There are 2 protein chains.
Amino acid sequence: MGKHQNTVGSSTYEKIKHDIIFGQLVPGSKLKLELIKSQYEASVSTLRETLNRLASEGFVLAEEQRGFYVTEVSQKDLIEIAKLRVLLECHALKASVESGDDDWEGNLVAAHHKLQLMEKKMIAGDVSKKETWKRYDWEFHLAVIEACNSKNLLDLHSILYDKYLRYQMLVFTFRGDEAAQEHHKIFEAALSRNGTEAARLLEAHIINGLEHTLAAM
Amino acid sequence: MGKHQNTVGSSTYEKIKHDIIFGQLVPGSKLKLELIKSQYEASVSTLRETLNRLASEGFVLAEEQRGFYVTEVSQKDLIEIAKLRVLLECHALKASVESGDDDWEGNLVAAHHKLQLMEKKMIAGDVSKKETWKRYDWEFHLAVIEACNSKNLLDLHSILYDKYLRYQMLVFTFRGDEAAQEHHKIFEAALSRNGTEAARLLEAHIINGLEHTLAAM
DNA sequence: AACTGCAATATTATATGATATTTTCGCTTT
DNA sequence: AAAGCGAAAATATCATATAATATTGCAGTT
């Protein structure tokens, strides 16, 4: 006993979203229902529910009566997403730094520590744990803004982060030491409650990542 | 011939979304599948697709294996939404004013003109056309920011606008002349390419609407 | 008599396979 | 080439079966 039974719907949602973000499902390709039915072991209706959800988040394109496609990628789209991420994440950061309490600080310290450990391993050459690194990066960025006091903002940011991540995974080349140092500086500025400086550093971090990814596309 | 056949899916989506925004479906109420099946004349599967879409946009709450509920409303949520709308719409406005071409100007003039006519009628006492007014208000706000050159931004804004609108409809009391004047000033500033001023006016417009709605909740 | 815990029952959500529409694509004809 | 036709494939919708949750009723206990 124990593991709480997930519904078929939610687990296929996770799987397909994962496969889009990590590039197993290639941009622009058609998601033929009968074909992916066998791949993901779910019925047509269940798949349609999933694909409709992913469509309204923007990972899938739903063409009326013509089926579903993995959303295309483009440099323009990436630039839009990066800019939006800057806008929302910096805004959230400033609000979070202003109102974060001790729990927030504790959580942030923990998230930064875990990310740093992971980054050391990756800089040392262990690239095997791409997915774990991704999780720690996410947890760090979330920890910074978590005290922004706006569920709506965090929800929007979460989707943008995933879209940005998809592009990073598409051309995966680890920025290594550079990104690690940026994370560290953001961490320090946030912890010392310097919201303006932290936001400046965060913006540079995202834009550096953008340029790194654009160059590799 | 002529009228393009809509799918059952897309038309129930429109209907349910409409009924949530305009308050026919009351906040927090449960959306029992069998019950709304007859109301919206669609099968369970089709409804589930629709409700999943609405859930990921935030109009519906999907509780795993416990069904679907109309999203609750709260003052806190409204404040979050208004602030986000300010953040995104002002950002989009500045970008749009900078890069809008003659088509953009033409479209904006037309949208403003139609809105103004409608507002005159409503100030004169004809409140019958709430839904038409809503459409013109939407078309005006969209026309202002449409040249921002970011589909991602426009998509996010569209959902936020609808969420904000839902609160306005919930307590519907027309702000009349005041709002009309604000629209006019935003229009003039945008047309004269004064992005900073237009953004300032837009922010005040949204915050005034927020306070008007909060006071009536 | 009121309360708690458990089992039987009813209700509801989830998932499936079958059917009805619509689109796509190759072939024929002009 | 372009338009028209029809077979094949894919999507949209539905009715129904299965699995989960909520409710009810009944014992046993306080």
Side-chain angles (χ1 to χ4, degrees), chain A residues 1-20 24-72 155, chain B residues 1-20 24-72 155:
Chain A
M1 53 174 289
K3 69 173 279 186
H4 55 91
Q5 281 268 62
N6 262 340
T7 59
V8 176
S10 66
S11 75
T12 59
Y13 169 80
E14 294 298 341
K15 275 188 230 160
I16 295 180
K17 185 167 177 176
H18 177 278
D19 287 353
I20 291 174
Q24 264 88 28
L25 290 170
V26 318
S29 66
K30 176 147 201 195
L31 294 162
K32 292 192 191 179
L33 292 169
E34 286 300 325
L35 214 89
I36 58 173
K37 197 169 96 147
S38 47
Q39 183 132 9
Y40 292 97
E41 293 173 334
S43 68
V44 175
S45 305
T46 305
L47 282 176
R48 288 182 56 85
E49 282 181 29
T50 299
L51 295 176
N52 269 296
R53 278 174 72 186
L54 289 168
S56 67
E57 289 175 17
F59 294 101
V60 161
L61 174 69
E63 290 242 61
E64 196 108 310
Q65 261 150 356
R66 298 210 192 163
F68 300 89
Y69 301 80
V70 178
T71 300
E72 292 275 11
D155 287 348
Chain B
M1 54 173 285
K3 68 173 280 185
H4 55 91
Q5 280 269 64
N6 261 339
T7 60
V8 176
S10 67
S11 75
T12 59
Y13 169 81
E14 294 297 342
K15 275 187 229 161
I16 295 180
K17 184 167 178 177
H18 177 278
D19 287 353
I20 291 175
Q24 263 87 30
L25 290 170
V26 319
S29 65
K30 177 148 199 191
L31 296 163
K32 293 192 190 179
L33 292 168
E34 286 300 324
L35 212 91
I36 58 173
K37 196 171 101 147
S38 46
Q39 182 134 9
Y40 292 98
E41 293 173 332
S43 68
V44 173
S45 306
T46 306
L47 283 177
R48 287 182 58 83
E49 283 181 27
T50 299
L51 295 176
N52 270 298
R53 277 174 71 186
L54 289 168
S56 68
E57 289 176 17
F59 294 101
V60 160
L61 174 69
E63 290 241 61
E64 196 109 310
Q65 260 149 357
R66 297 209 193 164
F68 300 90
Y69 301 80
V70 179
T71 300
E72 293 276 10
D155 288 347

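These numbers come from the heavy atoms of this one structure, side chains and all, not from hydrogens, waters or symmetry mates. These numbers come from a predicted model, not from an experiment. A note on names: the letters A, B, ... follow the listed sequences, proteins ahead of strands, and every chain is numbered from 1.
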Any donor-acceptor pair under 3.5 Å from B:Thr71 side chain to B:Gly58 backbone: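 Yes.
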
Would you say B:Thr12's side chain and B:Tyr40's backbone share a donor-acceptor pair under 3.5 angstrom?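 Absent.
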
[X] [atom1] to [N] [atom2], straight-line distance once rounded to whole Å:
X: A:Lys37; N: D:dA10; atom1: NZ; atom2: C1'; result: 13 Å
X: A:Leu51; N: D:dT11; atom1: CG; atom2: P; result: 10 Å
X: A:Leu47; N: D:dT13; atom1: CG; atom2: P; result: 16 Å

Are B:Ile16 and B:Leu47 packed together at the side-chain level, in the sense that at least one heavy-atom pair is separated by less than 4.5 angstrom? yes

Side chains of B:Val26 and B:Val70: does their closest heavy-atom pair fall under 4.5 Å?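 No, every pair of side-chain atoms sits at 4.5 Å or beyond.
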
Rounding to 0.5 Å, atoms CD (A:Glu63) and NZ (A:Lys30) come to a distance of 9.0 Å

Nearest nucleotide by nearest heavy atom, which residue falls closer to the 5' end of DNA chain C, A:Tyr69 or A:Thr46?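 By nearest-heavy-atom nucleotide position, the 5'-most residue is A:Thr46.
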
Show each protein N/O and nucleotides 11-14 of chain C N/O combination with a separation under 3.5 Å, one pair to a line.
{"unit_1": "C:dT12", "atom_1": "OP1", "unit_2": "B:Lys32", "atom_2": "NZ", "d": "2.9"}
{"unit_1": "C:dA13", "atom_1": "OP2", "unit_2": "B:Leu33", "atom_2": "N", "d": "3.3"}
{"unit_1": "C:dT14", "atom_1": "OP1", "unit_2": "B:Gln65", "atom_2": "N", "d": "2.8"}
{"unit_1": "C:dT14", "atom_1": "OP2", "unit_2": "B:Arg48", "atom_2": "NH1", "d": "2.1"}
{"unit_1": "C:dT14", "atom_1": "OP2", "unit_2": "B:Arg48", "atom_2": "NH2", "d": "3.3"}
{"unit_1": "C:dT14", "atom_1": "O5'", "unit_2": "B:Arg48", "atom_2": "NH1", "d": "3.4"}

Side chain to side chain contact (heavy atoms under 4.5 Å, CB included) involving A:Val44 - partner list, sequence neighbours excluded: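 A:Val44 satisfies side chain to side chain contact (heavy atoms under 4.5 Å, CB included) with A:Leu33, A:Glu34, A:Lys37, A:Arg48 only.
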
According to a strict under-4.0 Å criterion, is B:Ser43 in side-chain N/O contact with OP1 or OP2 of D:dT13?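 No, outside the criterion.
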
